[in-house]
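I have placed the structure first, in the form of structure tokens, so that the comments after it can refer back to it.
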Amino acid sequence: MAGNAENTLVLVFHPSLESESVANRKLAEAARGVDGVTVRDVYALYPDGKIDVAAEQAELLKADRIIWQFPVYWYSSPSLLKKWEDEVLAYGWAYGPGGDNLAGKKIMCAVTAGSTEDEYQHDGRFRATMDETLNPMRITTEYVGAQWVEPFAVYACTPDGLTEERLADAAERYAEVLRG
Ligand SMILES: Cc1cc2nc3c(=O)[nH]c(=O)nc-3n(C[C@H](O)[C@H](O)[C@H](O)COP(=O)(O)O)c2cc1C
């Protein structure tokens, strides 16, 4: 099929995507293979942590759909994603007067977690689902007038839990979601 009419921007926030990552590297590779998808390894772009806000905003403007892809770190995101939100989603640009640049775009989280899906349940160890864990990102999305899309999650991303087969299956499912 000719595929996706949407321009999709996948922003990957992993501190060492090309060296230590297994799960996010595989997902990023799958994303790169989908038509209309641009992947940015944000940690690699800004090794000193200094974000080029104008460049990030320009990329966002081109996208119909934005994916925040990251490993769950302490029931949240790696710190550069938080910094990226604080700086890129600026007053007068993403919210406030004239701040409607993200209005109507879709935003989705694509996350990997070390723990199991059973642990991310109300009756599980963390007493919260992944959707609930990602609540700040959902509220942020809605605050800037964008549309929250159900997260894509891969659980048990540990050396023991993540078999080649599970990883390949996750990458295929991710590509399917990105194809739309
Ligand atoms: C600093 C740090 C914090 C982590 N916190 C969590 C966590 O809160 N919940 C969880 O399920 N996994 C947690 N993990 C496990 C990572 O989510 C897991 O290693 C990652 O998703 C695997 O993806 P990768 O192969 O791309 O690195 C943490 C890992 C690190 C290094």
Side-chain angles (χ1 to χ4, degrees), residues 6-115 130 133-149 151-154 157-158 170-171 174-175 177-178:
E6 286 183 320
N7 279 325
T8 300
L9 176 64
V10 177
L11 298 169
V12 185
F13 293 86
H14 190 295
S16 44
L17 188 66
E18 295 304 330
S19 49
E20 284 164 40
S21 168
V22 175
N24 281 276
R25 181 148 46 111
K26 181 82 173 176
L27 295 181
E29 188 187 299
R32 281 193 192 98
V34 177
D35 280 353
V37 172
T38 303
V39 177
R40 280 166 77 80
D41 175 353
V42 186
Y43 270 91
L45 285 170
Y46 308 116
D48 58 1
K50 284 178 107 182
I51 295 169
D52 182 338
V53 171
E56 292 303 307
Q57 291 176 341
E59 290 296 325
L60 292 173
L61 286 179
K62 291 189 262 173
D64 304 305
R65 185 167 55 160
I66 297 147
I67 316 290
W68 288 321
Q69 184 193 316
F70 57 92
V72 175
Y73 280 2
W74 294 118
Y75 311 98
S76 181
S77 68
S79 55
L80 189 62
L81 174 50
K82 182 60 169 62
K83 189 169 194 277
W84 182 98
E85 289 178 273
D86 295 353
E87 295 178 11
V88 177
L89 306 181
Y91 179 76
W93 192 86
Y95 69 101
D100 60 356
N101 286 292
L102 298 175
K105 296 182 189 289
K106 292 177 186 164
I107 297 183
M108 185 184 95
C109 287
V111 298
T112 63
S115 297
M130 186 60 83
T133 305
L134 297 172
N135 227 8
M137 320 221 52
R138 179 186 63 75
I139 302 168
T140 300
T141 295
E142 291 173 0
Y143 196 87
V144 300
Q147 184 191 330
W148 177 249
V149 176
F152 175 87
V154 186
C157 294
T158 61
Y174 189 41
V177 168
L178 294 177

Given salt bridge (Lys or Arg N to Asp or Glu O under 4.0 Å), test Lys83 with Glu87 step by step and report yes or no. CA-CA 6 Å; Lys83 189 169 194 277; Glu87 295 178 11; 3.2 Å; yes
Please answer whether the main-chain N or O of Leu9 pairs with a side-chain N or O of Lys62 as donor and acceptor at a distance below 3.5 Å. no
Is the shortest side-chain heavy-atom distance between Asn101 and Leu60 below 4.5 Å? no
Could you tell me whether a side-chain N or O of Asp41 sits under 3.5 Å from a main-chain N or O of Ala44, the two making a donor and an acceptor? yes
Of all heavy-atom pairs between Met137 and Trp68, which one has the smallest distance, and what is that distance? CE-CE3, 3.5 Å
Hey, are the side chains of Thr112 and Leu27 touching, using non-hydrogen atoms and a 4.5 Å cut-off? yes
dist Asn135:CG -> Met130:CE (nearest 0.5 Å) comes out at 13.0 Å
Scan the side chains in residues 73-81 for donor-acceptor partners under 3.5 Å anywhere in the protein, sequence neighbours excluded, and list what turns up.
none

For Asp64 and Asn7, indicate whether the former's side chain and the latter's backbone hold a donor-acceptor pair under 3.5 Å. yes
For residues Leu134 and Val111, determine if any side-chain heavy atom of one lies less than 4.5 Å from a side-chain heavy atom of the other. yes
Going through the checks in order, is the side chain to side chain contact (heavy atoms under 4.5 Å, CB included) test met by Thr141 and Arg138? CA-CA 5 Å; Thr141 295; Arg138 179 186 63 75; 5.6 Å; no
Straight-line distance of Arg25 CZ to Glu18 CD, nearest 0.5 Å: 6.5 Å
Assess the residue pair Glu56 and Arg40 against the criterion (salt bridge (Lys or Arg N to Asp or Glu O under 4.0 Å)); give the C-alpha distance rounded to whole Å, side-chain angles, the decisive distance to 0.1 Å, and a yes or no. CA-CA 10 Å; Glu56 292 303 307; Arg40 280 166 77 80; 2.5 Å; yes
Nearest heavy-atom pair of Val10 and Ala31: which atoms, and what distance? CG2-CB, 4.3 Å
Between CD on residue Gln147 and NZ on residue Lys106, distance to nearest 0.5 Å: 5.5 Å
Side chain to side chain, Ile66 and Glu59, heavy atoms closer than 4.5 Å: no
Provide the closest heavy-atom pair for Ala28 versus Gln69 in the form atom of the first, atom of the second, distance. N-NE2, 3.9 Å
Please name the pair of heavy atoms, one in Val88 and one in Val53, separated by the smallest distance, quoted to 0.1 Å. CA-CG1, 4.2 Å
Shortest non-hydrogen pair, Ala23 vs Cys157, comes out as CB-SG, 3.9 Å
Side chains of Val12 and Val42: does their closest heavy-atom pair fall under 4.5 Å? no
Within the 4.5 Å heavy-atom criterion, are Met108 and Trp148 side-chain neighbours or not? no
Does the side chain of Tyr46 reach to within under 4.5 Å of the side chain of Trp84, using non-hydrogen atoms? no
Quick one, Leu102 and Trp93 - any side-chain contact, counting heavy atoms below 4.5 Å? yes
Once rounded to the nearest 0.5 Å, what's the spacing between atom CZ of Phe13 and atom OH of Tyr43? 8.5 Å
Please report the closest heavy-atom contact between Tyr91 and Gly96, naming both atoms and the distance. CE1-CA, 3.8 Å
Ignoring hydrogens and angles, tell me if any N or O in the side chain of Ser16 forms a donor-acceptor pair with the backbone of Ser19 under 3.5 Å. no
